[in-house]
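Since the model is a prediction, treat every value here as computed from it, not as a measurement.
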Amino acid sequence: MRAIYKKELRGFFTSMLGWLFVAANLFFAGWYFRFYGMISGLPYINYVLNGIMLIVLFSIPVLTMRSFAEEMRQKTDQLLYTAPVAIWKIVLGKYLALLTVYAVVVAIIGIYPVFQMFYGEVPIGENNLALVGFFLFGAACIAIGMLISCLTENQIIAAVLSFFSLLVGIMVPGICNLISVTGNMLTRILSAFDLTWSLNNFFKGTLSLPGILYYLSIIAIALVLAIFVIDKRRWNVGSKGVVSAIASISSVAVLIIVIIAVNVAVNMIPESSTTRDITYNKVYSLSDESKKILDELETHVYLYLLADTNTKDDVVENTLKSMDDYSRKVTYQMVSPTENPYFYSAYTEANPTDNSIIVVCGDKSKVINYYDCYETTYEYEYDADAAQYVVTSYKVTGYDGEGRVIGALRNVSRNQNPKVYCITGHNEMQFDNGLSGLEAKLEKMNIELETINLLTYDTIPADASSVFILGPLKDYSDSEKSKIVSYLRNGGNAMFIVAYSDSDELTNFYSILEPYNISIHPGLVMEQGTSFYNSQQYYLLPEIMDTDLTKGIYSYMRNDYVYMPYCKGMLINEANADAPVQILLRTTENAYALTDITGNTEVNDYDTASYALGVMAEKQYSDRVSKIAVFTSDYFLMDEVDSAANGNNQQLFINCLNELNGTTDDSLVPVKKYGYDTILINELFINIISLIIIVFIPFGLIFAGIYFWYSRRTA
């Protein structure tokens, strides 16, 4: 076999064929890498591999067409068959030589991401997995091409038939969709010939045992059939030859049946046991938070994905399948909107978008809109003609499908969810004004938000887990104040967000806090030293105190921050132990309050003091305890401000809200961020590398091929 391998490999590189194959594929790969990898800055090599897919499908048949067809045309195959070498060694030797030529292409493409590493982060694990998948895909294609070469002595026919077979192999998904968008027995059979389904898993970052086994099975079947076809030419027509033929056919049939049976058996194993998530953010794996919630399930939950086979989102489906595999109390089912257009009507009035999810437990259900499964950031531009801001671009920054499903699962499996009433009517900040991210987190935690105006309520509803007051700019009336005080005296809990304004005439609002030993100092808090952000003394980076509520946010080395723009200051009456106050955030002792933002030195008080910016306080009323959390910046909850602090602002808020509601955020599965951003590469560097990978390497290989070919011809 080694002699056959060396002979074939030498043949490829003493002729032009091997050099042209490598050069052509690298030439087009270089162009795709220039566009996707360097100009667009995409750090994933699968964009390049997808781009050269058709080039590979065209070039592999050209490479394999002569493997046996040329031998038969020149009648040199008789020398091979009469040589003291087993047929399987001949086939395997030729196959390994072809595979080596293809491996050179994959290996050189594998070096390309190194150029990106000079300018940014590259997902090495995912890129290497994509290369492995592409190598297995090519190995299967080579085996198919070599088998077809055994069937004819005409190289052109062998190349055309190979290309047609491989092209049909990658077109199977489209053919199946034309037959049935929902799938049937015929499409399931045809799917067995889909050469790309396993490759797509590798490109997505999933190491799949069924995928590896699928390609190895294609290789094994193709090589076995090639051995069978070649061996068939040696049979005699006599009775002994017939018996030998029957035995050979039976052996091949049994082997193929065994290979198919092994594939079927492996595919019946739950995906959680046969796949490994290689993605850096583990987007295809269940998080520990999800597993904990699934372990605690006491009732059965059904997950319905509203999608057809050809439109389903594989990431979302993988999440639902993983939950089904992990827990016996979860059942996943895909429902076709084409076949069951009104399935949703039993759970919601509005028709959800495709790939939306319905989570059902008993008579409770919740619909998760597909677009909520992904975190997206938008860029806006003001349109003067329309007098409004319009979206100019957007970017998907993370996957939130798992968190949404887990939140909905907790929602429908609980008897009751916490309810928070947001008091309005005083120019408070609204959730649809920069707080959509926070609202999404509260929804995942199954916290029901309801807005109320106290002018239309006699009392705060009795089912309130807590009350949320988000930065009023107008003062409360005596009647409204008494309703809030009455609620607190009855053991109610509340979250107070204090907003800065030029006016400090919120007498009734501030007086609600006084029984908790909290007084609001007039003016805008300014910092000195380095405890502020972006050279603005009123963009505060307060000291985070080490408490249970700041766990995960507090850092001894002060590596983490909470970002508090436009703060009021709180002074704590520590002499009164009747209402203990736990300080969460505070300024340095060099902070001062600016009571006149125009800088009037006669009005402003520049006396320095340490102000509390976030506290948790409680007070005993008879036999009941009331808790309140107070933060003195309404801007600190905004999504844009929170992102500048890596999510610490909203996390601290949620910690306090859980304390007020007596809940935990175990069901709050973090958004799985897509952290590998586009890479900005210097234009000169792009041009230099492009020159190397598009011109020097491919054309250098062609000139080398011409040199070796000419040397052989003149020898």
Side-chain angles (χ1 to χ4, degrees), residues 422-424 426-438 468-475 495-507 509-510 512-513 518-544 553 560-572 583-600 603-615 628-653 656:
C422 302
I423 298 177
T424 61
H426 310 86
N427 289 351
E428 292 89 352
M429 181 176 287
Q430 302 298 313
F431 273 94
D432 58 358
N433 185 21
L435 300 178
S436 58
L438 176 61
F468 189 16
I469 301 174
L470 181 53
L473 297 179
K474 293 182 179 179
D475 202 9
M495 174 77 71
F496 291 89
I497 306 297
V498 178
Y500 169 77
S501 67
D502 295 339
S503 172
D504 276 309
E505 297 178 355
L506 305 181
T507 307
F509 174 58
Y510 294 157
I512 298 173
L513 306 177
I518 299 170
S519 62
I520 304 298
H521 194 274
L524 178 67
V525 176
M526 309 285 284
E527 265 289 11
Q528 301 184 75
T530 59
S531 296
F532 51 84
Y533 175 74
N534 200 26
S535 302
Q536 302 294 336
Q537 289 181 271
Y538 44 85
Y539 288 176
L540 308 184
L541 299 175
E543 180 183 359
I544 305 171
I553 301 171
D560 292 309
Y561 296 94
V562 169
Y563 178 25
M564 303 278 287
Y566 300 101
C567 283
K568 302 285 288 183
M570 286 185 286
L571 297 176
I572 309 302
I583 298 177
L584 307 176
L585 306 171
R586 71 181 180 189
T587 68
T588 67
E589 294 181 352
N590 296 319
Y592 62 93
L594 195 66
T595 54
D596 185 347
I597 60 174
T598 63
N600 189 338
V603 176
N604 283 314
D605 177 11
Y606 291 101
D607 291 338
T608 59
S610 177
Y611 297 102
L613 305 180
V615 302
I628 65 169
V630 186
F631 293 95
T632 57
S633 168
D634 54 343
Y635 284 91
F636 100 108
L637 289 180
M638 295 183 68
D639 298 335
E640 185 177 355
V641 175
D642 178 63
S643 64
N646 296 319
N648 286 338
N649 289 12
Q650 293 183 2
Q651 185 58 54
L652 178 58
F653 170 83
C656 293

Distance-only side-chain donor-acceptor flag, Thr507 / Asp475, under 3.5 Å: no
How close do Ile497 and Pro472 get, heavy atom to heavy atom, and via which atoms? O-CD, 3.8 Å
Walk me through whether Gln528 and Thr608 qualify under side chain to side chain contact (heavy atoms under 4.5 Å, CB included). CA-CA 10 Å; Gln528 301 184 75; Thr608 59; 3.7 Å; yes
Mind checking whether Tyr563 and Tyr539 have parallel, tilted or perpendicular rings, split at 30° and 60°? perpendicular
Would you compute the distance between atom OG1 of Thr632 and atom CE of Met564 and round it to the nearest 0.5 angstrom? 4.5 Å
Output for pair (Ile544 CD1, Leu613 CG), nearest 0.5 Å, gives 11.0 Å
Taking every heavy atom of Lys568 against every heavy atom of Ala499, the minimum-distance pair comes out as CG-O, 4.0 Å
Ile583 and Ala612 have their tightest heavy-atom pair at CG2-CB, 4.3 Å
How long is the span from the CG atom in Leu524 to the OG atom in Ser633, to the nearest 0.5 Å? 9.5 Å
Atom pair CD (Glu428) and NZ (Lys474), whose distance is rounded to the nearest 0.5 Å: 10.0 Å
Contact check, side chains of Gln537 and Leu594, non-hydrogen atoms, under 4.5 Å: no
So how far is it from Thr587 OG1 to Tyr611 OH, rounded to the nearest 0.5 Å? 7.5 Å
Could you pull out the closest heavy-atom pair between Glu527 and Asn590, with the gap in Å? OE1-C, 4.3 Å
Could you pull out the closest heavy-atom pair between Tyr500 and Tyr566, with the gap in Å? CB-O, 3.7 Å
Is there a donor-acceptor contact under 3.5 Å from the side chain of Asn646 to the main chain of Asp560? no
Flag side-chain contact, heavy atom, 4.5 Å: Ser610 against Glu589: yes
Could you please spell out the steps behind the side chain to side chain contact (heavy atoms under 4.5 Å, CB included) verdict for Met638 and Leu435? CA-CA 5 Å; Met638 295 183 68; Leu435 300 178; 4.2 Å; yes
Search all heavy atoms of Ile518 against all heavy atoms of Met570 and return the closest pair with its distance. CG2-SD, 3.6 Å
Whether the Glu543 and Thr588 side chains hold a donor-acceptor pair (N or O, under 3.5 Å, no angle test) is what I'd like checked. no
Contacts of Tyr635 that satisfy side-chain hydrogen bond (donor to acceptor under 3.5 Å, both in side chains) - sequence neighbours left out: none
The side chain to side chain contact (heavy atoms under 4.5 Å, CB included) partner of Val615 among Leu513, Ile572, Leu585 is Ile572
Distance col, row Asp634:CG vs Cys567:SG, nearest 0.5 angstrom, shows 9.5 Å
Donor-acceptor under 3.5 Å (Asn427 side chain, Leu473 main chain): no
I want to check something: taking the side chain as every heavy atom from C-beta on, are Leu470 and Cys422 in contact at a cut-off of under 4.5 Å? no
Just checking Phe636 against Phe631, ring centres under 6.0 Å apart? yes
Within the 3.5 Å criterion, strictly below it, is a donor on Gln651 or Asp642 matched to an acceptor on the partner's side chain? no
